[in-house]
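Read through the structure below, which is laid out as structure tokens, and then see the notes.
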Amino acid sequence: MKNYEGANIRNVALVGHSHSGKTSLASAMLFTAGATQRLGRVDEGNTVTDYDEEEIGRSMSIAAATAVLEWGKTKINLLDTPGFNMFIHEAEMVLPAVDSALVVVDAVSGVEVVTERIWHYADKFLLPRAIVCTRMDRERADFTRVMESLTTAFGRTVVPVQLPIGAEKSFTGVVDLVKMQAYNYEMGGNGKAKVGPIPANMEEEAKAAHERLVELVAEGDDKLMEEFFETGTIGEEHIVAGLHNAIREDKIFPVLFASGLGNMGTDEVLDFIVDYMPTAVERGSVKAAAVGDAAPAERKISDTEPVSIYVFKTISDPFSGRISFFKVYSGVLKNDATLQNFTRSTSEKFAHISTMQGKTAVPVNELHAGDIGAVAKLRDTLTGDSLGEKAAPIQYPQVTFAEPAITFAIEPKTRADEDKLSNGIHKLMEEDAMLRFFRDPQTKEFLIAGTGQQHIEVVVSKLKNRYHTEVNLKAPKVPYRETIRGRADVQGRHKKQSGGHGQFGDCKIKMEPLQRGGHFEFANEIFGGAIPKNFIPAVEKGIVEAAARGFLAGYPVVDFKVILYDGSYHDVDSNELSFKTAGRIAFRKAMEQAKPTLLEPIMNVEITIPDEFAGSIMGDLNSRRGRIQGMDNKAGKTIVKAEVPMAEMLTYGTDLTSMTQGRGSFSMEMDHYDFVPALQQEKIIAAAKAERGEEVEEEE
Ligand SMILES: Nc1nc2c(ncn2[C@@H]2O[C@H](COP(=O)(O)OP(=O)(O)OP(=O)(O)O)[C@@H](O)[C@H]2O)c(=O)[nH]1
Ligand SMILES: [Mg+2]
């Protein structure tokens, strides 16, 4: 691979709803540019970017993957991302590394839930975007309808820069509305167009669309506006420059048309990326994270600055070890460089830097400011870290995610599996930002948390295939919490003074509720040394430890305040342990008084279904204790927003599929905690007792 400078590099993420054709489009671009010898197909499991066995088995992207191609004088780094809602964080994660996104939209379905979600992420990063409507060759692909869906969702600055020629089986190419020429393709061909005049029956439509585009380009630029008023149009050169700037500034979101599977429209997409999407240095500079006063606020994206990089992704391969993907924000990174990890204060050697073609490393000698690369076997570096020349420290902002929504208990199948489990999961956690692993302090069970059932299933499958560790999944666990609704004022006294060295601790505490999210507060209001200062942290510790173990059903107690206001001690027999025990006793007594209750996580759910299912979905949400927050209607689809307790949503993916014959989709994230209704509360407490092997009290 040649060395490229930032001005000749484009970093483009392919983002969009699941199944919209991102991986197929990436595959078509790679083939058309000669980076692959044949057109890889998702359904045949031979694309560059869906290389993982989990992805091949499921015919879908699960993790972000990079690929690289050369188009004329330009190097294009493609980042193919998953669109399935449970893996969408993999798309969000790469956005800091790219300079633009191709938002891939299925020309049949139009804008879908994840299209909108990822659009908002892109807004957050001020990311320039182009929209590619793929699958134009499919039945019911429709230019007018998909444009209507796009402008309804994203506004009037979404404007076609091409018109599709034909649709469905008769889709043959596109009219380029800047060059005003037709580009015709062969289905399943080499992706390169035969250029010709605009078909006679499209001339008028093309002219009107050209004028609309020109007007919109002129709108954003006074000079162009002048030219437009004087001559009634603007010259092609000026359109190109004007459109390029408007895209960079998020003033225009251009729309293109293609078929990834049929490799049609592909060379036009590549030309468009080169001509109109921002180069890797065009942003000028990158903002740094606000850490410490001395750190610089930003860094120029330039070869002449000191080297600095940001690690946006990690994969842990059982054979090649850890592979870190990074963006070079400044300087020129040379092979064999040693960089300082500013996040962890360690130094790392970059032997064998490369650019990744899917799973294959293509060696490079150097990577210039703005480029994207990878390196194997860094020792301490993980996703989100910033590294660079030691003398010029800088840290870049990390992407943060919501906490995982669902927890399962996992059970190693054999003793040998138990021994291997922790190692395997910790390797997987390095590459998976949304995976959590912990032990239930009460039941001692292993728990894993993730974004949803399919996510956890992928983890289990990777454990088996990569780390030869087999586990059984048990019913998903809802992370209930406990809290109090009332106040308490109690004494906790621990005394054991029969012979020898005794134990004595005594404390008086008040307990009161805090607002949701208030966690825990501890106030020491002891005057006159009723408890010696050095024992006070022990009281707090006893309370904190007891709270973690729960009171009603073994779930952590949160959102309460404890005021320690009195107590007594014994000169000889008092020690830390005694006061810790006194704290624990006081806590349990206080809980009895303070009206303990359970809290449950409430999810924000957004469901998209064809209109005819709206009634039954609403009814179903009702039976799940859901609260409808709003309804929307877009292009024959109903979008329902609701708040629903997590406990009622554990199998929603499967349930929705069977209720809508696979035609519905949904996304959900944790929103807040709320009180559990009395009836449910009784059941949860009984279940927790049963699990601990305690006797369940007979109902009276
Ligand atoms: N007819 C037709 N089918 C397509 C086209 N593009 C993709 N497909 C098919 O649509 C399905 C999904 O395509 P993918 O490329 O995997 O879509 P994706 O956006 O990468 O999906 P995720 O990775 O799950 O988000 C596959 O069966 C493809 O063969 C197209 O342009 N025309
Ligand atoms: Mg994909």
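Computed from a predicted model, the values in this text were never measured in an experiment. As the structure lists them, so they are numbered: ligands from 1, and atoms in each ligand from 1.
- Nearest protein heavy-atom neighbour of atom 3 (N) of ligand 1: Leu261 CD2, 3.5 Å.
- Within the structure, salt bridge (charged side-chain N to carboxylate O under 4.0 Å, His left out) pairs that include any residue of residues 166-188 comprise Asp176-Lys179, Lys179-Glu268 (at least two apart or interchain).
- Short contacts between ligand 1 and Gly21, defined as distances under 4.0 Å to a heavy atom of the residue, involve ligand atoms 6 (N), 7 (C), 13 (O), 14 (P), 15 (O), 17 (O), 18 (P), 19 (O).
- Looking only at distances, a side-chain donor or acceptor of Ser658 sits under 3.5 Å from a matching main-chain atom of Asp655.
- Sorted by first then second residue, the salt bridge (charged side-chain N to carboxylate O under 4.0 Å, His left out) pairs that include residues 148-162, not counting sequence neighbours, are Arg156-Glu219.
- Screening Glu431, Glu54, Glu53, Glu470 against Lys462 for a salt bridge (Lys or Arg N to Asp or Glu O under 4.0 Å) leaves a single residue, Glu431.
- A heavy-atom separation below 4.0 Å is not found between Gly16 and ligand 1.
- Per-residue contacts place Ser259 under 4.0 angstrom from the following atoms of ligand 1 (heavy atoms of the residue considered): 30 (C), 31 (O), 32 (N).
- Put simply, the side chain of Lys327 gets close to the backbone of Ala97: a donor and an acceptor are under 3.5 Å apart.
- The N/O atoms of Gly260, backbone and side chain alike, include one that comes under 3.5 Å of an N/O atom in ligand 1.
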Per-pair distances, 0.1 Å, donor-acceptor, side chain in residues 313-321, under 3.5 Å, sequence neighbours excluded:
{"from": "Lys313", "atom 1": "NZ", "to": "Ala64", "atom 2": "O", "distance (Å)": "3.4"}
{"from": "Lys313", "atom 1": "NZ", "to": "Glu90", "atom 2": "OE1", "distance (Å)": "3.2"}
{"from": "Thr314", "atom 1": "OG1", "to": "Thr383", "atom 2": "N", "distance (Å)": "3.3"}
{"from": "Thr314", "atom 1": "OG1", "to": "Thr383", "atom 2": "OG1", "distance (Å)": "2.7"}
{"from": "Ser316", "atom 1": "OG", "to": "Lys427", "atom 2": "O", "distance (Å)": "2.8"}
{"from": "Asp317", "atom 1": "OD1", "to": "Phe319", "atom 2": "N", "distance (Å)": "2.7"}
{"from": "Asp317", "atom 1": "OD1", "to": "Ser320", "atom 2": "N", "distance (Å)": "2.9"}
{"from": "Asp317", "atom 1": "OD1", "to": "Ser320", "atom 2": "OG", "distance (Å)": "3.3"}

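- No side-chain donor-acceptor contact under 3.5 Å links Lys75 to the backbone of Leu69.
- Residue contacts with ligand 1: Thr134 is placed with no nitrogen or oxygen under 3.5 Å of a nitrogen or oxygen of the ligand (distance criterion only).
- Proximity of the aromatic rings of Phe666 and Tyr652 is defined here by a centroid distance below 6.0 angstrom, and this criterion is met.
- Nearest to atom 32 (N) of ligand 1 among the protein's heavy atoms is Asp137 OD1, 2.7 Å.
- Of the N or O atoms in Gly262, none lie within a sub-3.5 Å distance of an N or O in ligand 1.
- Between Val644 and Glu648, the shortest heavy-atom contact is CG1-CB, 4.2 Å.
- Annotation: Arg436, atom CZ; neighbour count of heavy atoms from other residues, nucleotides and ligands within 6.0 Å is above 12.
- Looking at His19 against ligand 1, both its backbone and its side chain come within 4.0 Å, counting heavy atoms.
- Per-residue contacts place Ser24 under 4.0 angstrom from the following atoms of ligand 1 (heavy atoms of the residue considered): 6 (N), 7 (C), 13 (O), 14 (P), 15 (O), 28 (C).
- Ring geometry for Phe401 versus His89: interplanar angle over 60°, hence perpendicular rather than tilted (30 to 60°).
- Using cut-offs of 30° and 60° for the angle between ring planes, the Phe312 and Phe325 rings count as tilted.
- Atom 23 (O) of ligand 1 has Ser61 OG, 2.7 Å as its closest protein atom, hydrogens excluded (heavy atom only).
- For the Mg ion (ligand 2), the tally of protein N/O/S atoms lying closer than 2.8 Å stands at 2.
- Using a 4.0 Å cutoff on heavy atoms, Val104 does not count as a contact of ligand 1.
- Only side-chain heavy atoms of Asp43 come within less than 4.0 Å of ligand 1; its backbone N, CA, C and O stay farther off.
- Residues Ser27 and Thr47 have side chains that never bring a donor and an acceptor to within less than 3.5 angstrom of each other.
- Of the protein's non-hydrogen atoms, Met60 CB, 3.5 Å is the one closest to atom 24 (O) of ligand 1.
- Ligand 1 has no N or O atom lying under 3.5 Å from any N or O atom of Asp80, backbone or side chain.
- Close approach of ligand 1 to Val42 is summarised as follows: ligand atoms under 4.0 Å from at least one heavy atom of the residue are 14 (P), 15 (O), 16 (O).
- Between Phe154 and Phe253, the gap from one ring centroid to the other reaches at least 6.0 Å.
- Across the listed options His17, Arg135, Met187, Arg135 owns the non-hydrogen atom lying nearest to atom 5 (C) of ligand 1.
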